[in-house]
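Source: prediction; values computed, not measured. Because only heavy atoms are used, hydrogens play no part in the values below, and waters and symmetry mates are left out as well, while side chains stay in. Below, read A as the first sequence line, B as the second, and so on, with proteins coming before strands; counting in each chain starts at 1.
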Number of protein chains: 2
Amino acid sequence: MSDKHPELNLDNQLCFSLYAASRHITRLYQPMLKQHNLTYPQYIVLLILWQKEGMLVKDIGERAQLKSNTLTPLLKRLEQNGLVTRQRDSEDERQCYVYLTEQGKSLESVCACIPSQMLKQTEMPVEKLIELKQLLDQLMVTEVHGK
Amino acid sequence: MSDKHPELNLDNQLCFSLYAASRHITRLYQPMLKQHNLTYPQYIVLLILWQKEGMLVKDIGERAQLKSNTLTPLLKRLEQNGLVTRQRDSEDERQCYVYLTEQGKSLESVCACIPSQMLKQTEMPVEKLIELKQLLDQLMVTEVHGK
DNA sequence: AGTGATTTAATCGTGCACGATTTAAATATT
DNA sequence: AATATTTAAATCGTGCACGATTAAATCACT
């Protein structure tokens, strides 16, 4: 095993751990989300809408950190599945409001058990999970060169 | 803002932090990788091959936690770009070895500066980054129900 | 009013991820 | 030896991500 450049050892790379852990957790969600015919990114968007109804695509994008090129098709799928409706702002036709349907609203209570079920699948103590989340959130704001 | 189900608040979701942070870091890599015409997953595969030449697709997949349905097209692109070659094992024709080309090998030294450049972009102290990595690696092995 | 810049979504193309299936080769079992 | 099972990679279809561009509406400014 070559080690001329130990800094390039995969095991030393925080970034790979991040990449792998993210996909790992998404996989853990899938069995639960599949029951409601949802993907993980769709679930994220619903989490956002359950907090605040009638948001603009732009605002959802800010919250989820996704742009319209990802959101528009995703929202169309949610619309197709009867969970949201989309409506242009009559004041400013550029903007597009996204509303939950009754079916979309009713899914909130059904999904309320998902976080606790996810916790059960992790042996990690809650304090460590909180610590992990704090470190991740710090990482998001600490890069020198803002976007 | 509805809060009937605080457990569904996006801000309380470790999983979203993980998802967002992973994409965030990948975006930070892009300017550096683009110079070498690489994507982040391609870079991961090269990291693996720089450690150990002539691996099977299966072994690369185990290391990167990706299956052939993702790896095969990715490896074909690396082959197209002259960084690797693929060759069936003559002993066992099911298996496929992946070798670095000279160009692929020479990229290692060129990329050796990438990790330190990434570190520079993060204001987070190294100890915290190490802590974060340890927590992420723990998360990967702690779910009760094995794959 | 007219023109240029800005804003918002949508569109387009490429490259992952991944479940499911297929193909071919190797191994195990009868 | 013939058949069944297992294994490895490839193939297929769907849904993200995201850079780049487009189209339309609004705003800013002369």
Salt bridge (Lys or Arg N to Asp or Glu O under 4.0 Å) partners for [X], two or more places apart:
X	answer
Asp59(B)	none
Glu93(B)	none
Glu131(B)	none

Please write out the pairs of protein N or O atoms and N or O atoms of nucleotides 15-17 of chain D separated by less than 3.5 Å, giving the distance to one decimal.
residue, atom, partner, partner atom, Å
dC16(D), OP1, Thr39(A), OG1, 2.7
dC16(D), OP2, Gln42(A), NE2, 2.9
dC16(D), OP2, Arg77(A), NH1, 2.4
dC16(D), O5', Arg77(A), NH1, 3.0
dA17(D), OP2, Tyr19(B), OH, 2.3

My understanding is that only residues two or more places apart in sequence, or in another chain, count here; which of them pass side chain to side chain contact (heavy atoms under 4.5 Å, CB included) with [X]?
X	value
Pro31(A)	none
Lys105(B)	Glu53(B), Leu100(B), Glu102(B)
Gln117(B)	Met32(B), Cys113(B)

Taking OP1 and OP2 of [N], is either one under 4.0 Å from a side-chain nitrogen or oxygen of [X]?
X	N	answer
Arg86(A)	dA10(C)	yes
Lys76(A)	dT11(C)	yes
Lys58(A)	dT8(C)	yes

Record whether the side chain of Ser68(A) comes under 3.5 Å of the base of dA10(C) through a donor-acceptor pair of N or O atoms.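 Between dA10(C) and Ser68(A), which were checked side chain against base, a qualifying N/O pair under 3.5 Å is present.
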For the helix from dA1(C)-dT30(D) to dT30(C)-dA1(D), what angle lies between the axis at the first five pairs and the axis at the last five pairs, to 10 degrees? 10°
So what does Leu56(B) hit on the nucleic acid, given a heavy-atom distance under 4.0 Å: a base, only sugar-phosphate, or nothing? sugar-phosphate
Can you list the residues that meet the side chain to side chain donor-acceptor pair (under 3.5 Å) rule with Asp92(B), with sequence neighbours excluded?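 So Asp92(B) forms a side chain to side chain donor-acceptor pair (under 3.5 Å) with Arg94(B).
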Only pairs at least two apart or in different chains count here, so list each side-chain hydrogen bond (donor to acceptor under 3.5 Å, both in side chains) that has a residue in residues 69-79 of chain A.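 For residues 69-79 of chain A, and leaving out neighbouring residues, the side-chain hydrogen bond (donor to acceptor under 3.5 Å, both in side chains) pairs sorted by first residue read Glu79(A)-Arg86(A).
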Can you name the ring pair (Phe, Tyr, Trp, His ring centres under 6.0 Å) partners of Tyr43(B), sequence neighbours left out?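 Per chain and number, Tyr43(B) pairs via ring pair (Phe, Tyr, Trp, His ring centres under 6.0 Å) with Tyr29(B).
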Tell me, for nucleotides 22-28 of chain C in 5' to 3' order, what letter each nucleotide earns: B for a base near a protein heavy atom under 4.0 Å, S for only sugar-phosphate near one, - for neither? ---BS--
